[in-house]
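A short worksheet on the structure shown next.
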Amino acid sequence: MYTKKPQVHVNQGEQLKLTIKRLGINGEGIGYYEHKLVFVPGALPTEKVVVNVIEDLHNFIRAELVEILRKSDDRIQPVDDYANDVGGFELENLAYDKQLTFKRDVIKDSLEKYKPAGYRKYKLRATIGMEHPVHYRNKATFQVRSDGEKVIAGLYKHRSHTVVDLKTSALQYPLTMKVMRAVVAIIDELGIPVYDEEKNAGIIKTVVVRAATATDQVQVTFITQSKKLLKKRQLLERIAAELPEVVSIMQNVNPGKTSLIWGPETIHLAGKEKITEVLNGLSFDLSARAFLQVNPEMTEVLYQEAFKALDLTGKEKLVDAYAGVGTIGLSVADKVREVRGMDTIKAAVDDANANAIKNGIMNAIYEVGEAESLLPLWIEDGWRPTALIVDPPRTGLADSLIKTILDITPKKFVYISCNPSTLARDLVKLTRKYNVEYIQSVDLMPQTSRCECVVKFKKK
Ligand SMILES: C[S@@+](CC[C@H](N)C(=O)[O-])C[C@H]1O[C@@H](n2cnc3c(N)ncnc32)[C@H](O)[C@@H]1O
């Protein structure tokens, strides 16, 4: 009788020697110890490494890199010296051309996992990369804490709530870092209490700095424990005097201990309520809560790929689902008969409608609500789309939306995905009525393990 070999158990703190075989979906090195998977962030395929066991879980071991005994030829020196400490810099050790290959492979591996009939027939194109894959991130969302002596601001250390003080970042658009560091210094100098997670006390929890790269306008949002913002007047005066690029200052109130960054209430503190970004030659006003892709240069590339895939004729009734501030639908409004879009964030939808007017677009309208609820309502009312573009968050499409899409099967259909796993899941159902003509991967977030792609469907 076959008995399963008991898996080896290792203790926390034990050191192991292993060879890294591949990269996991989150960019971590994966090796084996006695046939058990070992995840090692920062280690690269082919490397022989010594690791320190952090945790032995049932099916795998989590470990940290201690020493590289044999280096990969693809290893490069990361620009940020904290790249291996915090999330979001997973691939900074890896040569950029290999990062692009990795992203294509992640999509391929995710799709292959499902293997339903028909849907393995797709063409997966090479990832389009960024010419200078640094300093692209237009938004910095930094946790603000005290280290006992001074105010620090940055990202959480891996699997902890210890904030790493980020003074520089090769990912961030330089203006965002300049403003962030200056604002944090002002908070420190004014002695405004910052959040203490253990005691659930203090005022400022997070500072969000978003820059519009075409106009260099900056918006600063203080996310606070309560409505009360101590020394508000001095804070606003100092920012106005020292940071002329900051044209909008907002406050968002997020009380209590929560893993969510944003709270329900957003208050206008000074300057304008929005900043203005330019994409595809159109001008977009952005509220603090509205989503915008973090890499404007590559967003244009992504959108162009999506528009190519849509192949519009001027006659379409287009749905821009998961629309944000309307950047996709408004960019092609002159190439279709009509655009309807939706998003769940009211501020984003208000921005989208205002952006249509601002750009002289008369054939586009956006509504607040879930794609899965609104699209069936529009159809019930007799408005049937002939082209559809979906750009959902990482959770992918709701089952009921997929059902609606399959019911109406618009001839032109494009899916922009930022999560290969949910894309693969959704394709299982969508390919009942569509073939996947091709998948074009685009690198929106260099140096990170995040993947983005455009899927072009063809009705069966
Ligand atoms: C990946 S973003 C895309 C935004 C926009 N298309 C762009 O390129 O900037 C996803 C958007 O979907 C919105 N959203 C999340 N769940 C939704 C749902 N069920 N229905 C409609 N929109 C939703 C979010 O508020 C967010 O703006």
Side-chain angles (χ1 to χ4, degrees), residues 136-139 210 212-214 252 260-262 264 266 274-280 282-307 309-310 318-333 339-356 364-378 385 387-405 413-423 426 442 444-445 448 450-455:
Y136 60 85
R137 234 191 126 89
N138 57 10
K139 182 160 125 178
R210 174 147 76 176
T213 57
N252 174 268
L260 298 176
I261 291 174
W262 293 85
T266 304
K274 298 168 191 194
I275 53 172
T276 306
E277 182 58 290
V278 178
L279 281 172
N280 295 316
L282 298 183
S283 171
F284 293 96
D285 285 349
L286 288 170
S287 295
R289 291 302 314 271
F291 176 91
L292 186 75
Q293 301 282 6
V294 295
N295 183 340
E297 181 185 326
M298 292 309 284
T299 298
E300 288 194 336
V301 175
L302 178 82
Y303 288 175
Q304 288 311 324
E305 287 302 320
F307 303 153
L310 269 178
L318 172 73
V319 169
D320 174 10
Y322 307 88
V325 298
T327 42
I328 292 180
L330 297 181
S331 299
V332 286
V339 178
R340 279 200 191 186
M342 81 292 275
D343 199 284
T344 43
I345 305 270
K346 185 181 179 300
V349 170
D350 290 345
D351 288 352
N353 285 319
N355 286 329
I365 183 111
Y366 287 85
E367 282 185 37
V368 185
E370 290 174 331
E372 55 272 32
S373 312
L374 282 180
L375 186 57
L377 287 181
W378 295 345
L388 169 66
I389 184 154
V390 294
D391 184 11
R394 290 178 62 73
T395 44
L397 305 180
D399 261 358
S400 55
L401 178 63
I402 295 180
K403 192 178 167 305
T404 307
I405 296 171
F413 175 29
V414 167
Y415 186 149
I416 300 182
S417 164
C418 57
N419 184 348
S421 305
T422 53
L423 171 67
D426 293 347
V442 180
L444 251 77
M445 296 203 209
T448 80
R450 303 287 291 273
C451 303
E452 194 92 21
C453 64
V454 170
V455 183

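Atoms within a ligand are numbered from 1 in the order they appear, just like the ligands themselves. Predicted model, so just to flag it, every value in this text is computed and none were measured.
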Test side-chain contact (heavy atoms from CB on, under 4.5 Å) on N419 and L423; report intermediate values, then the result. CA-CA 6 Å; N419 184 348; L423 171 67; over 6 Å; no
* Can you check side-chain contact (heavy atoms from CB on, under 4.5 Å) on R289 and N252, steps first, answer last? -> CA-CA 9 Å; R289 291 302 314 271; N252 174 268; 4.2 Å; yes
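If you run side chain to side chain contact (heavy atoms under 4.5 Å, CB included) between E297 and each of T299, V301, N295, only N295 comes through.
At the top of the distance list for atom 23 (C) of ligand 1, counting protein heavy atoms only, stands Y322 CD2, 3.3 Å. Atom 14 (N) of ligand 1 has T344 OG1, 3.4 Å as its closest protein atom, hydrogens excluded (heavy atom only). Looking from atom 19 (N) of ligand 1 to the surrounding protein, the closest heavy atom is E372 OE1, 3.2 Å. Nearest non-hydrogen protein atom to atom 11 (C) of ligand 1 is D343 OD2, 3.5 Å. Looking at atom 8 (O) of ligand 1, its nearest protein heavy atom turns out to be Y303 OH, 2.6 Å.
Taking the side chain as every heavy atom from C-beta outward, E300 and L279 approach each other to under 4.5 Å. Using a 4.5 Å heavy-atom threshold, the side chains of M298 and Y136 count as separate.
Residue contact check for ligand 1: A348 places no non-hydrogen atom closer than 4.0 Å to it. Using a non-hydrogen distance threshold of 4.0 Å, G369 registers as a contact of ligand 1.
Those atoms of ligand 1 that come under 4.0 Å of a heavy atom in G324, given as number and element, are 4 (C), 5 (C), 27 (O). Atom numbering of ligand 1 starts at 1 in the shown order; those under 4.0 Å from a heavy atom of I345 are 25 (O). The contact set between ligand 1 and T327, taken as ligand atoms under 4.0 Å from a residue heavy atom, comprises 7 (C), 8 (O), 9 (O). Near P392, the atoms of ligand 1 lying under 4.0 angstrom from a non-hydrogen atom of the residue are 1 (C).
Residue contacts with ligand 1 for A321 are absent, since no atom lies close enough (heavy atoms, distance under 4.0 Å). Counting heavy atoms closer than 4.0 Å to ligand 1, residue T395 contributes nothing at all.
Interatomic distance, OG1 of T213 versus CD of E277, reported as 4.0 Å (0.5 Å rounding). To the nearest 0.5 Å, atoms CG (L302) and CG (D391) are separated by 7.0 Å.
Nearest approach of A288 to W262, heavy atoms of both residues: O-CH2, 3.8 Å.
Comparing C418, A371, G341 against atom 20 (N) of ligand 1, the shortest heavy-atom distance belongs to A371. The closest heavy-atom contact to atom 1 (C) of ligand 1, among the options I416, D391, N419, comes from D391.
Looking at D351 and S287, their side chains do bring a donor and an acceptor atom within 3.5 Å of each other. Remark: the N280 side chain and the Y303 side chain contain no N/O donor-acceptor pair separated by less than 3.5 Å.
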